[in-house]
Each structure stands twice: as structure tokens, then as C-alpha cells.
Amino acid sequence: LIDEQLDSAVANIFFAVDMLFQQGADGAPVASECIQYAVDCVTVVGEYVAQIGLKMKPEDFSRFRRFLTSHPVRKTDGPSGKYSSGIPVIDFLLAGESALAAYPNLEQELQYYPRYGQEHIITALGYARAGKSLSEISKSLGRPSVLEESLASLVGTVKLFRGMHYKGV
């Protein structure tokens with residue numbers, strides 16, 4: 001369910017980037033609607049994370065948390081959102097190449113993402129390296145207010161999600 005919401009957010013952000021890249025400032029209203037839909041999706045993800053990590057009774061979460069740890073013999077990562085492609089893709093499409101610093105081992109770890117996730121990450125990296133991030137496009141268009149408002153909302157929502165995630169786990 002979480003990946004489904006992130007996939008919807010990613011699809012809408014890709015569409016927004018393409019719209020802006022092709023239509024310039026004329027595409028800002030439609031791109032902003034897509035970004036707002038992505039905000040709604042990331043908000044839902046944050047609510048799920050909060051239910052699991054923050055609203056669940058601590059004793060229940062402690063029983064559940066052991067399934068998220070590494071394998072005791074193989075020392076491999078346990079199931080988690082670490083290899084969910086949605087958040088890095090959103091980071092790259094939002095911030096561009098500056099987001100790369102947050103993923104120093106991405107090239108070595110790419111193989112651990114689901115195949116469709118690998119494709120999204122590679123595509124988003126290509127966009128970022130080509131200057132096709134939302135922040136860079138907005139800057140080149142003179143920062144249209146409708147676009148800047150939706151970008152601020154997305155940035156705030158992603159930060160809120162991260163805060164809930166770190167607090168919950």
C-alpha cells in the first residue's frame with residue numbers, strides 16, 4: 001500500500017516535470033496540480049508510517065520491530081522501506097543532483113531495488129543530471145508562484161514524512 005502511494009506520487013511528479021520542460025511557465029498550473037496530488041500521496045504514506053511506528057502501542061511495536069532487523073546468520077537487511085524507490089526518485093526529481101549526496105551507495109545498492117524501482121531511479125537520475133528537476137525548472141522559469149507554492153508543499157510533506165519515519169523506527 002505504501003509503495004502504491006509512492007508510485008502514484010512518482011508518476012505525477014514525472015508528469016509535472018515533463019509538462020514544465022515541454023510547456024514552460026504555461027504548464028505550471030497543471031504541473032502544480034500534479035505536484036499537489038503527489039503531496040496527497042506522500043501524506044497518506046506518512047499516515048501509514050505514523051500508524052505503525054507512532055500510534056501503535058510500544059509493546060506491540062517492539063514485537064513487530066524484530067521482523068525489521070537484519071538476518072541473524074546472513075547479516076542481510078530485514079524487510080524495510082530502505083529499498084523502496086519512491087523516496088529517492090522524489091528527491092532526485094525535486095532537488096536534482098544535489099540529492100545525490102543523500103545516497104552515497106546508490107550505485108552499489110541499485111541491484112537491491114525492485115526492477116521497476118531501478119528503472120525509476122535511473123530515469124530520475126538522468127533527469128537530475130540533465131537539469132530537469134522541479135527546483136531547477138522552476139528557477140529557470142522565474143519561480144512562478146503557483147509552482148513554488150506546490151513545491152514548498154511537497155518539500156514540507158517529504159520532510160514531515162522523514163521526521164515521522166525516523167521518530168517511529
Side-chain angles (χ1 to χ4, degrees), residues 1-22 31 34-54 56 61 64-138 150-151 153-169:
L1 204 51
I2 290 174
D3 277 334
E4 205 173 276
Q5 290 294 320
L6 287 174
D7 288 346
S8 291
V10 164
N12 276 277
I13 296 171
F14 268 124
F15 186 85
V17 170
D18 290 339
M19 171 73 65
L20 291 167
F21 202 74
Q22 293 170 7
C34 292
I35 294 166
Q36 189 54 52
Y37 183 77
V39 166
D40 295 343
C41 292
V42 175
T43 299
V44 170
V45 170
E47 290 168 358
Y48 284 127
V49 168
Q51 287 175 9
I52 294 169
L54 301 176
M56 188 182 286
F61 185 68
F64 169 75
R65 189 163 201 223
R66 68 187 174 103
F67 294 104
L68 302 177
T69 60
S70 61
H71 189 279
V73 175
R74 289 187 234 141
K75 304 293 184 210
T76 55
D77 286 342
S80 71
K82 180 176 180 178
Y83 295 115
S84 176
S85 62
I87 296 299
V89 169
I90 291 170
D91 286 345
F92 297 140
L93 293 177
L94 185 57
E97 281 193 291
S98 64
L100 279 170
Y103 302 93
N105 301 316
L106 184 64
E107 288 184 31
Q108 296 86 358
E109 296 177 345
L110 191 60
Q111 64 184 330
Y112 300 113
Y113 287 87
R115 283 188 189 95
Y116 76 92
Q118 292 175 22
E119 293 167 11
H120 287 157
I121 290 170
I122 291 167
T123 302
L125 280 171
Y127 276 43
R129 289 182 174 135
K132 288 176 67 175
S133 70
L134 288 169
S135 60
E136 292 171 20
I137 293 171
S138 181
S150 61
L151 289 177
S153 181
L154 182 58
V155 168
T157 303
V158 170
K159 283 183 181 179
L160 185 62
F161 160 77
R162 279 201 168 98
M164 284 189 289
H165 178 261
Y166 292 139
K167 188 175 181 182
V169 296

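More than 12 heavy atoms of other residues, nucleotides or ligands lie within 6.0 Å of CD in Gln108, so this atom counts as buried by the packing criterion.
The minimum heavy-atom distance linking Ala31 with Ala16 is given by the pair O-CB, 3.7 Å. Taking both residues in full, the closest heavy atoms of Phe161 and Gly46 are given as CD1-CA, 3.9 Å, listed atom of the first, atom of the second, then distance. Taking each heavy atom of Ala99 and Asp91 in turn, the nearest pair found is CB-O, 3.6 Å. The shortest non-hydrogen separation linking Val39 to Ser153 is CG1-OG, 3.5 Å. The heavy-atom pair separating Lys132 from Val17 by the smallest distance is O-CG1, 3.1 Å. The two atoms that bring Gly86 and Val10 nearest to each other are O-CG2, 3.8 Å, heavy atoms only.
The CD1 atom of Ile13 sits 12.0 Å away from the OH atom of Tyr37 when rounded to the nearest 0.5 Å. In this structure, Glu136 CD and Leu94 CG are separated by 10.5 Å, a value rounded to the nearest 0.5 Å. Of the inter-residue distances, the one linking Ile2 atom CD1 with Asp7 atom CG reads 12.0 Å to the nearest 0.5 angstrom. Between the CZ atom of Phe15 and the CG atom of Leu20 there is a distance of 10.0 Å, given to the nearest 0.5 Å. Considering CG of Asn12 and CD of Gln36, their distance stands at 11.0 Å, rounded to 0.5 Å. The OH atom of Tyr103 sits 7.0 Å away from the CD1 atom of Ile87 when rounded to the nearest 0.5 Å.
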> Yes or no on side-chain contact (heavy atoms from CB on, under 4.5 Å) for Arg129 and Leu100, after CA distance, side-chain angles and deciding distance?
Replying inline: CA-CA 10 Å; Arg129 289 182 174 135; Leu100 279 170; 4.0 Å; yes
> Can you check side-chain contact (heavy atoms from CB on, under 4.5 Å) on Thr43 and Leu160, steps first, answer last?
Replying inline: CA-CA 9 Å; Thr43 299; Leu160 185 62; over 6 Å; no
>> Test side-chain contact (heavy atoms from CB on, under 4.5 Å) on Leu6 and Ser84; report intermediate values, then the result.
In response: CA-CA 9 Å; Leu6 287 174; Ser84 176; 3.7 Å; yes
>> Could you go through Thr123 and Tyr127, starting from their C-alpha distance and side-chain angles, then the distance that decides it, and tell me whether this counts as side-chain contact (heavy atoms from CB on, under 4.5 Å)?
In response: CA-CA 6 Å; Thr123 302; Tyr127 276 43; 3.6 Å; yes
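A distance-only check finds a donor-acceptor pair linking the side chain of Gln118 to the backbone of Tyr113 [under 3.5 Å]. Of the possible donor and acceptor atoms, none in the side chain of Ser138 sits under 3.5 Å from a partner among the backbone N and O of Ser135.
The aromatic rings of Phe14 and His120 are tilted relative to each other, their planes meeting at an angle between 30° and 60°.
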